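First the structure, in the form of structure tokens, and then the observations on it.
Here the structure is a predicted model, which means the values were calculated and not measured. These values consider heavy atoms only, across backbone and side chains, with no hydrogens, waters or symmetry-generated copies.
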Amino acid sequence: MTSTTLGARAAVLTGRLRGGSGAGWFPYLLVLPLALVLWGYVVQPMLATFGESVAEDGTGNYLSFLGSAGVARASLLTSLGISAASVLLCGFVGVGMAFLLKRFTFPGRRLIEAIILVPAALPPLIGAISFQLLYSETGILPRGLQQLFGTANPVLPFDGIAGVLVVHTFTMYPFFYLAASAALAGMDPSVEEAAYNLGASRVRVWRTILLPMLTPALVSGSLLVFMTSLASYTAPLLFGVDQTMTMQIYINRTNGDLPMASTYASVLGIVSIVFLLGMRWYEGRRSYRSMSKGIAAHRREITNPFGRWLALLGSLLATVVLLAPVATIALVAFSADGSWTTEVIPSVYTTENFVAIFTEPRSFQPILNSLQMSALATVGCIVIGVLTAYAVRRLKFFGRGLLDVAVMIAWALPGTVVAINLISAFSTGNAFSLGQVLVGTFWIVPLAYFVRFLPLVFRSSSAALAQLDPSMEEAARNLGATWWRAFRTVTLRLMLPGVFAGALLAFVHGVGEFVASVLIYTSSTTPISVAINNRMYSFEMGTAAAYGMLQVALIFVVMLVSGRLENGGRRTSREATQWVN
């Protein structure tokens with residue numbers, strides 16, 4: 001073969017490589033490893049769990065589950081009932097607060113707006129513990145009222161399902177609030193005014209205009225609240241509700257009955273996925289876009305004196321309620337372990353809890369474990385999440401919808417289901433674990449975090465990519481850049497705010513993750529959340545609350561850093577635009 005022929009073939013190969021995503025084979029070259037990762041760590045573990053559930057006696061576990069009597073059916077109905085009630089309560093509180101704050105001006109409005117998302121900053125375990133310390137039968141408020149009124153028993157304690165619903169409502173209403181606030185901010189008030197001018201009543205305006213326009217926000221909030229409630233484990237654990245799906249998964253797993261735990265996990269996973277797909281179908285039935293180009297929304301001032309005083313009183317009450325859980329955790333964090341027994345509030349205070357956490361190796365190790373495992377999982381989420389978002393948004397290939405669904409399924413699975421899936425899949429060696437058994441090792445915990453929080457990076461990266469004009473990348477390639485250089489210097493840099501936002505969310509969620517961790521951790525990989533739970537059961541409430549305060553502080557720091565990185569991302573976007581131009 002002549003040198004001329006070799007040179008020509010090299011030129012052709014270089015041209016194909018330079019063509020990048022324009023070449024027919026390129027999408028599959030990029031998608032194949034992504035599909036393998038999702039298959040190996042999301043889909044295949046689900047199938048392994050189902051296989052475990054039918055391995056011993058076929059469909060016997062499912063027949064027992066669907067029987068008219070027994071704990072299984074009661075657990076499913078209880079979980080569904082709690083989730084449905086949580087959606088209704090969170091929707092009432094979240095949408096009501098969004099409408100009040102976005103449509104009216106009243107004394108104390110700015111204060112509430114500043115702290116209304118405080119519940120979102122509480123890790124799930126810490127949020128549930130704070131409510132137990134506040135509102136349970138042994139909590140501060142019921143015992144304080146008992147002492148105030150001189151009654152024999154605590155006054156208005158929350159326990160059982162009522163306690164779970166209180167925790168869910170307080171910690172999950174921000175899902176509805178954020179979605180409804182965004183919808184109300186973009187809604188044209190002239191449409192409502194026109195309806196009122198035509199004689200429509202307030203009820204009819206709500207029914208025919210506001211609620212239809214809020215449907216995407218309501219669907220989004222309902223989906224998030226229902227899925228989060230269905231996956232809830234900490235609130236039922238702390239308030240003594242054993243007959244829920246997540247609690248039964250944990251109980252069967254700790255009792256060594258993995259086949260029945262796998263049965264519960266399979267049923268819970270199916271219910272979650274069916275609900276997710278059903279809500280997406282419902283949302284896609286109609287278009288909810290306004291064709292009006294009216295004026296921006298404005299707030300109406302409350303002028304009635306009684307209404308203003310009532311609004312001020314409500315604002316002060318809401319402020320106390322919103323800040324009470326964080327204040328409770330902070331108060332208990334400085335209490336001496338074992339000193340709080342029958343008193344309304346702790347009687348002995350100390351800084352020794354924080355000193356011990358940072359000086360004793362046994363106490364500091366859970367912090368290192370959580371940071372290390374969450375960081376590893378976040379790196380994997382960034383790599384796979386960004387590339388998957390690019391493939392789904394920008395490339396054309398057979399099976400693109402399946403790739404999107406695979407990521408969506410990972411988001412729909414509760415933490416207990418993810419843990420059981422990984423236990424079923426990696427209790428023996430296989431190709432995706434390089435022949436090694438992962439159960440009982442360090443690596444299974446960050447793997448669980450990766451599976452659970454990959455959708456956060458994928459969705460935020462996908463949303464950022466959806467706002468970018470593909471012509472920017474095409475212009476860079478037309479100027480001679482390879483696909484990799486155009487992607488790295490233009491597309492990825494423009495995506496940075498979305499990537500950073502998703503990555504920081506994944507990291508924070510990983511540090512506070514408890515539901516999956518409690519099923520798969522070992523003594524050497526104990527994360528902060530499990531250490532908090534263990535300390536609570538050892539009656540070391542001060543140390544447990546000190547761990548919780550560190551988690552809350554970390555979340556606020558990450559939120560601050562996220563804002564600064566987002567501003568930096570905007571500067572990077574401008575630089576990338578200038579590079580292309």
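Between Ile555 and Val511, every side-chain heavy-atom pair lies at or beyond the 4.5 Å cut-off. Contact annotation: the side chain of Leu218 approaches that of Phe176 to within less than 4.5 Å [non-hydrogen atoms, C-beta and beyond]. Contact annotation: the side chain of Pro157 never approaches that of Gln146 to less than 4.5 Å [non-hydrogen atoms, C-beta and beyond]. Taking the side chain as every heavy atom from C-beta outward, Lys102 and Tyr177 approach each other to under 4.5 Å. Taking the side chain as every heavy atom from C-beta outward, Gln132 and Met536 approach each other to under 4.5 Å. The shortest distance between side-chain heavy atoms of Leu111 and Ser315 does not fall below 4.5 Å. The side-chain heavy atoms of Phe175 and Thr228, taken from C-beta on, include a pair separated by under 4.5 Å. Contact of the Phe275 side chain with the Leu230 side chain is not registered, since no non-hydrogen atoms from C-beta on lie closer than 4.5 Å.
When the shell of 6.0 Å around CG of Leu156 is examined, it contains 12 or fewer heavy atoms from other residues, nucleotides or ligands. No more than 12 heavy-atom neighbours from other residues, nucleotides or ligands sit within 6.0 angstrom of CD on Glu137. Few gaps surround CZ on Phe364; more than 12 heavy atoms of other groups in view lie less than 6.0 Å from it. For Gln147, the CD atom is loosely surrounded, since the number of other residues' heavy atoms within 6.0 Å does not exceed 12.
Closest heavy-atom contact between Val418 and Ala448: CG1-O, 4.2 Å. Of all non-hydrogen atoms in Ser461 and Val386, the two that sit nearest each other are OG-CG2, 3.7 Å. Considering all non-hydrogen atoms of both residues, Cys381 and Val457 come closest at O-CG1, 3.5 Å. Between Ser363 and Ala356 the shortest heavy-atom distance is CB-O, 3.5 Å. Here the closest heavy-atom approach between residue Gly512 and residue Pro124 is recorded as O-CD, 4.4 Å. Taking every heavy atom of both residues into account, Pro346 and Leu331 meet most closely at CD-CD2, 4.1 Å.
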Next item on the list: Go through Leu125 and Gln551 one step at a time and tell me if the side chain to side chain contact (heavy atoms under 4.5 Å, CB included) criterion holds.
Entry: CA-CA 10 Å; Leu125 179 61; Gln551 284 187 315; 5.8 Å; no
Notebook entry, point to check: For Tyr233 and Thr244, what are the C-alpha separation, side-chain angles and deciding distance, and is it a side-chain hydrogen bond (donor to acceptor under 3.5 Å, both in side chains)?
Noted result: CA-CA 8 Å; Tyr233 170 75; Thr244 64; over 6 Å; no
Item checked: Derivation and outcome, side chain to side chain contact (heavy atoms under 4.5 Å, CB included), residues Phe358 and Leu550 -> CA-CA 11 Å; Phe358 289 103; Leu550 293 179; 3.9 Å; yes
Notebook entry, point to check: Passes side chain to side chain contact (heavy atoms under 4.5 Å, CB included), Leu165 versus Ser86? Steps please.
Noted result: CA-CA 6 Å; Leu165 290 177; Ser86 298; 3.6 Å; yes
Next item on the list: Mind running ring-ring contact (aromatic ring centres under 6.0 Å, His included) on Phe507 and Phe453 for me, showing each step along the way?
Entry: CA-CA 8 Å; Phe507 179 76; Phe453 307 124; over 10 Å; no
Check: Step by step, would you call Ser460 with Leu456 a side chain to side chain contact (heavy atoms under 4.5 Å, CB included)?
Finding: CA-CA 6 Å; Ser460 61; Leu456 294 176; 6.0 Å; no
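From Leu322, atom CG reaches atom CE of Met97 across 6.5 Å, with rounding to the nearest 0.5 Å. Annotation: the span from Leu237 atom CG to Thr246 atom OG1 amounts to 9.0 Å, rounded to 0.5 Å. The NE2 atom of His509 lies 12.0 Å from the CG atom of Leu504; values are rounded to the nearest 0.5 Å. Between the CE atom in Met247 and the CG atom in Asp242 there is a gap of 4.5 Å [rounded to 0.5 Å]. The distance from atom CD of Glu513 to atom OG of Ser374, rounded to the nearest 0.5 Å, is 10.0 Å. Rounded to the nearest 0.5 angstrom, Leu80 CG and Phe226 CZ are separated by 5.5 Å.
Side-chain N/O atoms of Ser517 and Tyr449 include a donor and acceptor closer than 3.5 Å.
For the pair Arg143 (side chain) and Pro154 (backbone), a donor-acceptor distance under 3.5 Å is absent. A donor-acceptor contact shorter than 3.5 Å is absent between the side chain of Ser222 and the backbone of Val219. A distance-only check finds no donor-acceptor pair linking the side chain of Ser79 to the backbone of Leu76 [under 3.5 Å]. Ser339 places a side-chain N or O within donor-acceptor distance of the main-chain N or O of Ala336, the cut-off being under 3.5 Å.
Under the side-chain contact (heavy atoms from CB on, under 4.5 Å) test applied with Ile528, the options Thr526, Ile532, Val530 reduce to a single match, Ile532.
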